[in-house]
Amino acid sequence: MSTIAFDHRARRLALDTVLDEAGVDLVWLPIGADLEYLTGIQRRVPTFGDVNYAHGWVAGAFLAPGRDPAFILPRNYVEFDLPEGVPGEVVSVSEMDDGHALFSRVARSFTSPRTLAVGARTWASATMNLLEELQNPRLANASRLVNRLRRIKSPDELELLRRACHVADGAMEETKARISSGVTELELAEEVNYHLLRLGSRTWSFDTAVWGMGPGDDRDANVRLSQQEVRPGVGLSFDFGAVVQGYCSDFGRTVRIGEPDDEYRHVYEVVMGAQRAGMKAARPGVLASEVHRATRQVIVDAGYGDWFRHRTGHCIGLDVHEEPFISPEDDTPLEAGMTFTIEPSVFWPGRVGVRVEDIILCTEEGGVKLNEHPTTMAVRD
């Protein structure tokens with residue numbers, strides 16, 4: 001697939017307008033999705049443990065209106081993680097350098113700000129240094145400011161999201177042949193991960209989960225993967241996503257093992273109907289919380305409200321979970337071009353488990369799926 005090139009300078013100019021409106025003089029962003037969005041600097045693939053270097057807390061960049069970014073990065077990052085370069089000055093911090101002194105020097109090259117916006121995932125060491133060197137400016141949340149730009153996807157971003165959805169759709173389709181009684185959940189998760197990579201994903205966008213739930217099984221939905229064998233009578237739920245050029249997908253389906261009973265058939269239709277209701281409600285101007293309520297109400301009316309135990313969804317893009325959230329507390333009005341998941345479920349331990357998840361694009365006519373994998377009931381022996 002061809003690589004899409006983004007105009008990162010145009011994005012930074014758009015951020016300058018946001019900063020002016022918010023009264024922010026200077027921004028510090030650590031390595032992460034916000035900085036990748038604004039400069040193109042690529043993130044490492046996340047790991048369970050922390051991948052870090054000497055002076056790792058300094059990794060990031062300062063951004064101020066009218067200036068190119070000023071990066072400060074550990075030497076190992078400069079050596080091995082900048083194949084395309086970055087726009088602006090780069091200060092490399094070697095293992096034997098005084099990281100605090102170099103970080104302070106770069107910080108002081110900017111006029112002391114009245115208001116400093118700091119990325120939400122900044123190291124505490126960096127924040128303490130910034131407050132000391134910049135004479136205790138008022139702090140703001142930089143990630144909330146960048147989110148004003150990131151939440152509306154451009155046509156090129158939508159293309160990458162569609163590609164990421166296509167990879168996830170394909171991984172599900174390729175994995176179906178392995179689904180049968182006796183195979184373990186872990187084996188199926190590894191099959192999914194293999195096909196994600198084979199079909200073009202850089203990595204999986206979060207930990208791949210495969211778990212069964214049904215009569216006679218007291219397992220709860222918080223156990224998302226085990227070496228338990230798949231058995232007849234369960235609904236086998238899949239939850240996974242792909243990454244294409246930094247953009248994430250998040251996908252879910254449930255496959256019945258063995259002939260469905262009446263309750264499973266009923267719950268399956270209820271969950272699919274809940275997703276359709278959420279998609280219909282997802283129009284510009286509608287609050288995110290209202291989409292959640294529209295989705296949830298279908299399940300409540302069917303008598304399963306106590307077993308829809310999580311939010312309806314979340315926005316998605318360079319991060320798999322982005323704000324705003326399709327959740328009861330979030331009263332953000334939707335806008336055309338937002339992308340988010342609608343992922344209703346019924347998880348009743350020992351009885352029935354069904355979920356569905358797709359990425360939805362907000363349009364004037366309602367929500368439109370970016371995924372193409374069917375949601376008709378799938379049954380395997």
Side-chain angles (χ1 to χ4, degrees), residues 161-176 179 185 188-189 192-193 195-196 201 204-213 221-222 224-225 235-244 247-256 267-282 288 291-292 294-296 298-299 304 307-317 319-327 330 338-348 352-362 366-378:
L161 284 169
R162 286 189 180 93
R163 293 183 190 179
C165 287
H166 180 73
V167 171
D169 291 344
M172 184 74 243
E173 188 63 28
E174 294 286 347
T175 301
K176 281 168 55 177
I179 301 172
E185 295 168 353
L188 290 174
V192 167
N193 288 344
H195 289 299
L196 288 173
S201 181
W204 27 98
S205 57
F206 57 95
D207 55 312
T208 295
V210 182
W211 72 101
M213 185 173 289
N222 62 349
R224 290 166 47 85
L225 182 65
L236 189 67
S237 290
F238 289 77
D239 187 12
F240 60 86
V243 180
V244 174
Y247 285 80
C248 303
S249 61
D250 193 351
F251 169 89
R253 293 291 184 272
T254 300
V255 178
R256 171 72 180 195
V267 169
Y268 195 93
E269 290 306 316
V270 167
V271 170
M272 301 307 142
Q275 189 188 54
R276 290 192 296 271
M279 290 173 60
K280 183 178 179 180
V291 176
H292 170 77
T295 305
R296 180 176 176 78
V298 175
I299 296 175
Y304 292 91
W307 306 107
F308 182 13
R309 299 160 57 189
H310 52 83
R311 65 190 179 190
T312 289
H314 50 83
C315 283
I316 188 167
D319 284 312
V320 73
H321 286 189
E322 296 183 354
E323 293 182 337
F325 301 139
I326 312 302
S327 188
D330 198 320
M338 283 185 174
T339 50
F340 43 84
T341 62
I342 294 185
E343 46 181 298
S345 72
V346 171
F347 288 138
W348 192 336
V352 63
V354 176
R355 76 181 299 269
V356 65
E357 181 174 13
D358 293 291
I359 295 181
I360 308 300
L361 170 64
C362 180
V368 174
K369 285 188 182 184
L370 300 188
N371 292 91
E372 297 180 353
H373 196 278
T375 57
T376 50
M377 187 186 300

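Counting from 1, the numbers follow the sequence of the chain as shown.
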Any chance you could measure [X], atom [atom1], to [Y], atom [atom2], to the nearest 0.5 Å?
X    : Y    : atom1 : atom2 : result
L188 : I179 : CG    : CD1   : 6.0 Å
C248 : F206 : SG    : CZ    : 9.5 Å
S205 : D319 : OG    : CG    : 10.5 Å
D169 : E372 : CG    : CD    : 6.5 Å
R309 : S345 : CZ    : OG    : 8.5 Å
R296 : S327 : CZ    : OG    : 11.0 Å

What is the minimum heavy-atom distance between [X] and [Y], and which atoms define it?
X    : Y    : value
I326 : A288 : CG2-O, 3.7 Å
I316 : I359 : CD1-CD1, 3.8 Å
L236 : G212 : CD1-N, 3.8 Å
G278 : I342 : C-CD1, 3.4 Å
G353 : F347 : CA-CD2, 4.1 Å
V243 : W204 : CG2-C, 4.2 Å

> Within 45° of the six-membered ring axis of F325 and under 6.0 Å from that ring's centre, is NZ or CZ of R311 located there?
Replying inline: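 Yes, cation above the ring, under 6.0 Å and within 45°.
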Under the rule for side-chain contact (heavy atoms from CB on, under 4.5 Å), what residues qualify as partners of [X], not counting sequence neighbours?
X    : result
A294 : A281
A274 : T295, V298, I299, P344
C362 : P284, L334, M338, F340
T254 : S237, Y264, V354, R355

> Which residues pass the ring-ring contact (aromatic ring centres under 6.0 Å, His included) test with H195, sequence neighbours left out?
Replying inline: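 Partners of H195 under the ring-ring contact (aromatic ring centres under 6.0 Å, His included) test: none.
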>> Among residues at least two apart in sequence or on other chains, which ones pass ring-ring contact (aromatic ring centres under 6.0 Å, His included) with H373?
In response: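 Listed in chain order: F251.
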Quick check: do [X] and [Y] have side-chain heavy atoms less than 4.5 Å from each other?
X    : Y    : answer
L370 : I360 : no
F240 : L196 : yes
R256 : Y268 : no

> Would you say R253's side chain and E357's backbone share a donor-acceptor pair under 3.5 angstrom?
Replying inline: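 Yes, because the side chain of R253 sits within donor-acceptor range (under 3.5 Å) of the backbone of E357.
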> Donor-acceptor pair, S249 side chain versus A242 backbone, under 3.5 Å?
Replying inline: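 Here the side-chain-to-backbone pair exists.
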> Any chance the side chains of Q275 and K369 put a donor and an acceptor closer than 3.5 Å?
Replying inline: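 Q275 vs K369: donor-acceptor pair found between side chains.
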> Is the closest side-chain donor-acceptor distance between H314 and D250 under 3.5 Å?
Replying inline: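 Present: a donor and an acceptor within the cut-off.
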> Ring centroid separation for W348 and F308, is it under 6.0 angstrom?
Replying inline: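 No, ring centres 6.0 Å or more apart.
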